[in-house]
Amino acid sequence: MDTEMEDVNNGGLRSLEDIKLVMEYAKIDPTEVKPVVQSVYFSEELDNDAVKFLEVDDAVLTALEAGDELVIRGEKTESAVLCTGSKTYDIKEAEMSNCMLLLSDMVWSKDLPDKGDQAVNYRKVTSVLQNYFELRPCKPKVKKLKMLLEKNMYNGKESEEDEEHMDEKYTFQDLLNLVQASEAEITAALKKLQACKLEGYWRVLHFDFLTQVLNHIIQLSEENDWLRSGLPLEDCCQTLEELFPRPVIEHVISCYADKMSSPTGTEDDDSHMEIDTAFYTLNEDKICRFFAELCLRNAGKFNLQEFLSVWEQSVPSGMKTYLHQVEGMALINRSSKPEVIWYFPAENLPEDVGERFDSLFRTREKWTLDEIAPYVRDLTTAKVDVGGLLLKYARSSLHNGIKVFNSRKLVS
């Protein structure tokens, strides 16, 4: 207050007499207002960067009120995002039509006395804000996660001794610090990438190494009739752990098999053998999709009929191959003679919606709904489905009586 009174003495602030005169000119009865008047003045050194305003939605507000952690993520070359435990938001700066004054010790009317001698309290404006930050829900930016993990793929114990495999390993905390996504979204992305936690680090298996492990599991299952009765996790791991680390075996089984409630045929077994291990059944669609990728991955364009024959012969006995199993992984050109199929995985496409559609329409001019849907489904949100994306980024037409979609950029 000493500083404030010095400002008053220097003529910088209104005195009580000045305020009474203004009220008189405004025809305001002093008895109708509270006796304490708060007079606002501006600091000679405004610090407009001291505080930033952030507009939040109900989900973020709920997280704040619950004391949950909010994290801003992004390296210097990236735009910032804000992450709750389960969602990601783009942070965008916006302008306010009016200025907002920031005072450190303003008192609200309800806290002022109703009676007493008239007095003036001087309140210093420390910041003047014209901008704020707004949050826009966005898809997690997990493309970087795939890039990071593929720098150093796991290719067996022997390869780990090579110098090139000594670095570029990431714990979950490392990934949280590097990837612009929430904890739940990174966890989901790791599962989609079939990443495996080995010795505290998250790794993706080299495709050739994955092929070795899965082939051994399938071969063991065929030899022991586990394709029919169910694969016992413990027996499988004990048999193969001399060849591969146990966590890898368990991981590959979890990726390509489904846990059973009980092995086939045990309910009526006279021995009533006690089951002390988990049983799994190989997932037909996942296994068939894997062998389709094995056939197509380095093949270039493959004669479709030849591919179907090779594919059918490569899968375990009793499993059936269907083209729906390669949706989002391979494209078919039925207008060429002969018809061809080639490797075209959705996970290699850009994350940005506009860039994704540009890439798709550069690859193929016209798409049917069934063809394009697997390549944009991961871009949908609770408010925008595949149809909404196509409405915004593509135009439709009829081609030989079939509805097809092509780029909107072709429209002048």
Side-chain angles (χ1 to χ4, degrees), residues 142-143 145-162 164-165 168-170 172 175 186-223 226-227 231 233 235-259 278 280-299 302 307 310-317 319 321 325-330 342-348:
V142 293
K143 189 80 171 180
L145 178 65
K146 183 175 185 289
M147 179 196 71
L148 291 171
L149 296 183
E150 288 185 347
K151 285 181 179 179
N152 184 11
M153 293 186 283
Y154 186 81
N155 200 17
K157 294 179 181 178
E158 298 79 9
S159 298
E160 290 299 291
E161 298 174 2
D162 296 342
E164 62 180 293
H165 289 278
E168 303 291 351
K169 296 179 184 178
Y170 303 95
F172 191 77
L175 297 175
I186 290 177
T187 299
L190 287 169
K191 183 176 181 180
K192 187 175 181 180
L193 286 171
Q194 295 187 344
C196 179
K197 190 176 182 181
L198 298 172
E199 299 179 348
Y201 297 100
W202 284 94
R203 312 286 296 278
V204 291
L205 306 184
H206 192 284
F207 189 78
D208 293 341
F209 179 72
L210 171 61
T211 302
Q212 293 179 42
V213 179
L214 187 56
N215 275 332
H216 274 80
I217 293 171
I218 293 172
Q219 182 180 351
L220 198 60
S221 297
E222 290 176 328
E223 291 173 355
W226 291 344
L227 293 177
L231 183 156
L233 178 64
D235 290 353
C236 185
C237 289
Q238 286 182 3
T239 304
L240 298 179
E241 61 186 349
E242 290 186 6
L243 300 173
F244 313 109
R246 185 186 180 100
V248 171
I249 302 169
E250 293 179 346
H251 171 71
V252 174
I253 291 174
S254 71
C255 288
Y256 291 93
D258 303 314
K259 194 171 184 179
Y280 288 78
T281 178
L282 293 179
N283 185 295
E284 184 172 271
D285 282 346
K286 291 179 180 178
I287 295 293
C288 290
R289 183 180 177 88
F290 173 82
F291 280 99
E293 182 175 358
L294 185 62
C295 294
L296 293 171
R297 194 176 180 89
N298 300 310
F302 204 139
F307 161 74
V310 172
W311 183 26
E312 186 176 16
Q313 294 173 37
S314 67
V315 301
S317 177
M319 290 191 176
T321 57
Q325 293 164 341
V326 299
E327 285 183 353
M329 186 188 74
W342 67 97
Y343 186 60
F344 191 74
E347 58 265 24
N348 289 349

Please examine the side chains of [Y] and [X], heavy atoms only from C-beta on, and report whether any two atoms are closer than 4.5 Å.
{"X": "Val252", "Y": "Phe244", "result": "no"}
{"X": "Leu214", "Y": "Ile287", "result": "yes"}
{"X": "Leu296", "Y": "Phe344", "result": "no"}
{"X": "Lys286", "Y": "Cys255", "result": "no"}
{"X": "Leu145", "Y": "Trp202", "result": "no"}
{"X": "Leu294", "Y": "Ser314", "result": "no"}
{"X": "Trp226", "Y": "Leu282", "result": "no"}
{"X": "Phe291", "Y": "Thr321", "result": "no"}

Please round to the nearest 0.5 Å and tell me the distance separating atom [atom1] of [X] and atom [atom2] of [Y].
{"X": "Ile217", "Y": "Cys237", "atom1": "CD1", "atom2": "SG", "result": "8.0 Å"}
{"X": "Ile218", "Y": "Leu227", "atom1": "CD1", "atom2": "CG", "result": "8.0 Å"}
{"X": "Gln238", "Y": "Arg246", "atom1": "CD", "atom2": "CZ", "result": "7.0 Å"}
{"X": "Glu150", "Y": "His206", "atom1": "CD", "atom2": "NE2", "result": "10.0 Å"}
{"X": "Ile249", "Y": "Leu240", "atom1": "CD1", "atom2": "CG", "result": "5.0 Å"}
{"X": "Phe209", "Y": "Asn155", "atom1": "CZ", "atom2": "CG", "result": "7.0 Å"}

For residues [X] and [Y], report the shortest heavy-atom separation together with the two atoms involved.
{"X": "Glu284", "Y": "Gln325", "answer": "O-NE2, 4.4 Å"}
{"X": "Trp311", "Y": "Cys288", "answer": "NE1-O, 2.8 Å"}
{"X": "Lys259", "Y": "Ala278", "answer": "CE-CB, 3.7 Å"}
{"X": "Asp235", "Y": "Thr239", "answer": "O-OG1, 2.8 Å"}

Quiz prompt | Glu293 vs Phe207, side-chain contact (heavy atoms from CB on, under 4.5 Å): CA-CA, chis, key distance, verdict | solution = CA-CA 10 Å; Glu293 182 175 358; Phe207 189 78; 3.6 Å; yes

For [Y], does its backbone N or O pair with a side-chain atom of [X] as donor and acceptor, under 3.5 Å?
{"X": "Lys143", "Y": "Asn348", "answer": "yes"}
{"X": "Arg289", "Y": "Glu327", "answer": "yes"}
{"X": "Arg203", "Y": "Asn152", "answer": "yes"}

Which donor-acceptor pairs under 3.5 Å do side chains of residues 193-201 form with protein atoms, sequence neighbours excluded?
from   : atom 1 : to     : atom 2 : distance (Å)
Gln194 : OE1    : Tyr256 : OH     : 3.1

Practice problem: Please name the residue in the list Val204, Leu205, Leu210, Leu149 that meets the side-chain contact (heavy atoms from CB on, under 4.5 Å) test with Tyr154. | Solution: Leu205

